[in-house]
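In each ligand, atom 1 is the first atom listed, and ligand 1 is the first ligand listed. From a predicted model like this one, the values you see are computed outputs, not experimental measurements.
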Amino acid sequence: MIPIYRAPSPIQRDAPRRLALLGSTGSIGTQTLEIVKLFPERISVHALAAGSNWELLAEQALAFQPQVVCIAEEARYASLKDALATTSIRVVSGREGLCEIASAEEADVVVAAIVGAAGLRPTLAAVESGKMIALANKETLVVAGSLVERLAREYGSMLIPVDSEHSAIFQCLVGEDSDSVESVTLTASGGPFRQRSVETFDAITRAEALNHPNWSMGAKITIDSATMMNKGLEVIEARWLFGLTPEEINVIVHPQSIIHSFVTFSDGSAKAQLGVPDMKVPIQYALTFPDRWPAPHDRIDWNTLRSLNFEKPDFHRFPCLRLAFEALKQGGSAPAVLNAANEVAVALFLADQIGFTDIPRLIEEAMSSVPSSDGTDLDSLLAADESARQAVRTSVSELVT
Ligand code: NDP
Ligand code: MG
């Protein structure tokens, strides 16, 4: 198990935290910078990294004055370099640049907020450097959970969840003995299609799927929330973060997103963490753990909160959730296949090339056509990832031609 229960952390609690922020231009990345702005004396930015949005990255670099910035897409390097020509900020690029930033000696905390399996290698680089990692990039644990767990132990790296459900569980576990955990329950909003007639799912548009009732997030995770694959990925994420068996992880639909998740203990007691849906709270906790710093985030208004509802998730309505549980039980490279097929299918849906119900269909097909391997070394996992991507692309191109 990743040693999350034990404070003190490797961080000097009173010393300023220096961040390496991977995925700074995204939803989590920009909200992380909002937290930095709240605590200019206590958090500084050593490095920023993004995929292709060099304009926003340059703007962020000018505002936060990191020592180094990285743009993953090599073709954007010259534009970024030009934009920062009058500064002393070093500019790097590509996968090597991301890994350099993730393992920089000057950074105390690496915020892993790249979306998708693209975040895997930089996160592994941070793990192998023994970093404290504020982990938003759930796909890393879905693809390579067992590898990350092994390396985290070996290099003394600590993973602190940013995902709101896992942050909730993490907060419930502080001060508890891991042996007394009976089960964890991840709450799920159910997304925009919780009550829509399943017969009309074929007609779901991109705009409808991007319209999440409670959370404002990046496009990929918003579609994952609409299919409930997001919850499936989170089940797998929880398995690795908290060292649980599939049977110890439950999902319950809770449309208000006020209870962010809960833990049931062996004496029958359950502990939950509550708050208004605002990612800044779990992001901040991941940066300040084991402490809490006073902040002006919205509080629950208990005078107007009328009810908290719960319902059982419906696997017929949300086959992606079932597929994720199946991949978890199968183990080996199956979660990597699930994740890669989902990434390609979601990108195709966002590009209006396939329909909403094609997403689970293509994932299920990839899971049965790509031979599953027991291998959990990086090469086997990357090979499984690539085969799954190829399987989905082939299936879609056959459909079109
Ligand atoms: P966004 O799409 O908003 O942002 C993604 C970030 O990753 C951007 O900075 C993007 O750069 C960067 N990026 C994309 N591809 C690459 C690449 N190949 N190499 C380097 N950087 C890349 O995503 P979110 O912020 O919503 O999500 C980030 C992660 O956090 C995901 O794993 C998600 O599941 C998780 N998460 C997000 C939550 C949220 O509320 N948003 C909640 C819980 C978890 P660019 O802008 O240049 O493309
Ligand atoms: Mg979540």
Roughly how far, to the nearest 0.5 Å, is OG of Ser189 from CD1 of Ile258?
12.0 Å
May I ask you to check whether Ser52 has an N/O atom sitting below 3.5 Å from an N/O atom of ligand 1?
yes
Shortest reach to atom 30 (O) of ligand 1 by a heavy atom, considering only Cys70, Ala136, Ala50, Pro161
Ala136
re atom 5 (C) of ligand 1, the protein heavy-atom contact at minimum distance is Val115 CG1, 3.6 Å
Ignoring waters, how many protein N/O/S atoms are under 2.8 Å from the Mg ion (ligand 2)?
3
Ligand 1-proximal atoms of Glu139, by part, heavy-atom distance under 4.0 Å
side chain
the protein heavy atom lying closest to atom 29 (C) of ligand 1 turns out to be Ile114 O, 3.7 Å
Would Ile252 and Glu311 count as a side-chain contact (heavy atoms from CB on, under 4.5 Å) here? Give the steps.
CA-CA 6 Å; Ile252 191 94; Glu311 57 196 57; over 6 Å; no
Give me the atom names and distance for the closest heavy-atom approach of Val91 to Tyr77.
O-CE1, 3.4 Å
What are the two closest non-hydrogen atoms of Ala295 and Gln284, and how far apart are they?
CB-OE1, 3.3 Å
Closer than 4.0 Å to some heavy atom of Met279 - which atoms of ligand 1 meet that?
40 (O), 42 (C), 43 (C)
Identify, by atom number and element, the atoms of ligand 1 in contact range of Ala118, meaning under 4.0 Å from any of its heavy atoms.
17 (C), 18 (N)
Give the residue and atom name of whichever protein heavy atom lies nearest to atom 28 (C) of ligand 1, and the separation in Å to one decimal.
Ala113 O, 3.4 Å
Checking Arg317 side chain against Arg194 main chain: does a donor-acceptor pair fall under 3.5 Å?
yes
For Pro16 versus Asp108, what's the shortest heavy-atom pair and its separation?
O-OD2, 3.5 Å
For the backbone of Gln390 and the side chain of Thr394, can you confirm whether one donor and one acceptor N or O come within less than 3.5 Å of each other?
yes
Which of the numbered atoms in ligand 1 are below 4.0 angstrom from a heavy atom of Ala72?
19 (N), 20 (C)
In short, Leu244 meets Ala238 closest at the heavy-atom pair CD1-O, 4.0 Å
So the atoms of ligand 1 within less than 4.0 Å of a heavy atom of Asp163 turn out to be 43 (C), 44 (C)
Gly23 N/O to ligand 1 N/O under 3.5 Å
yes
How are the rings of His254 and Phe310 set relative to one another: parallel (under 30°), tilted (30 to 60°) or perpendicular (over 60°)?
parallel
Looking at every non-hydrogen atom in both residues, tell me the closest pair between Lys131 and Ala107 and how far apart they are.
NZ-O, 2.8 Å
With a 3.5 Å distance limit and no angle check, can you tell me whether Arg292 reaches the backbone of Phe289 through a side-chain donor-acceptor pair?
no
Atom of Ala203, atom of Arg196 and distance for their closest heavy-atom approach
C-NH2, 3.9 Å
Students should be able to answer this: which protein heavy-atom is nearest to atom 26 (O) of ligand 1, and at what distance?
Gly218 N, 2.9 Å
the protein heavy atom lying closest to atom 4 (O) of ligand 1 turns out to be Gly26 CA, 3.1 Å
Polar atom proximity, Asn53 to ligand 1 (N or O, under 3.5 Å)
yes
For Thr25, the ligand 1 atoms whose distance to one of its heavy atoms is below 4.0 Å:
8 (C), 9 (O), 10 (C), 11 (O), 45 (P), 46 (O), 47 (O)
Under 4.0 Å from a heavy atom of Lys138: which atoms of ligand 1 are those, numbered in the order shown and with their elements?
32 (O), 34 (O), 44 (C)
Is it true that a side-chain atom of Thr123 and a backbone atom of Gly119 form a donor plus acceptor pair closer than 3.5 Å?
yes
min-distance protein heavy atom vs atom 11 (O) of ligand 1 -> Gly51 N, 2.9 Å
Main-chain N/O of Ser373 paired with Ser333 side-chain donor or acceptor, under 3.5 Å
yes
Please report which non-hydrogen protein atom sits nearest to atom 41 (N) of ligand 1, along with the residue it belongs to and the distance in Å to one decimal place.
Ser27 OG, 3.1 Å
Measure up the Phe349 and Phe356 rings against each other and bin them: parallel (under 30°), tilted (30 to 60°), perpendicular (over 60°).
perpendicular
Please list the nearest protein heavy atom to atom 38 (C) of ligand 1 with its residue and the distance rounded to 0.1 Å.
Ile28 CD1, 3.4 Å
Checking contacts here: is it the side chain or the backbone of Ile221 that comes within 4.0 Å of ligand 1, counting heavy atoms only? Could be both or neither.
side chain
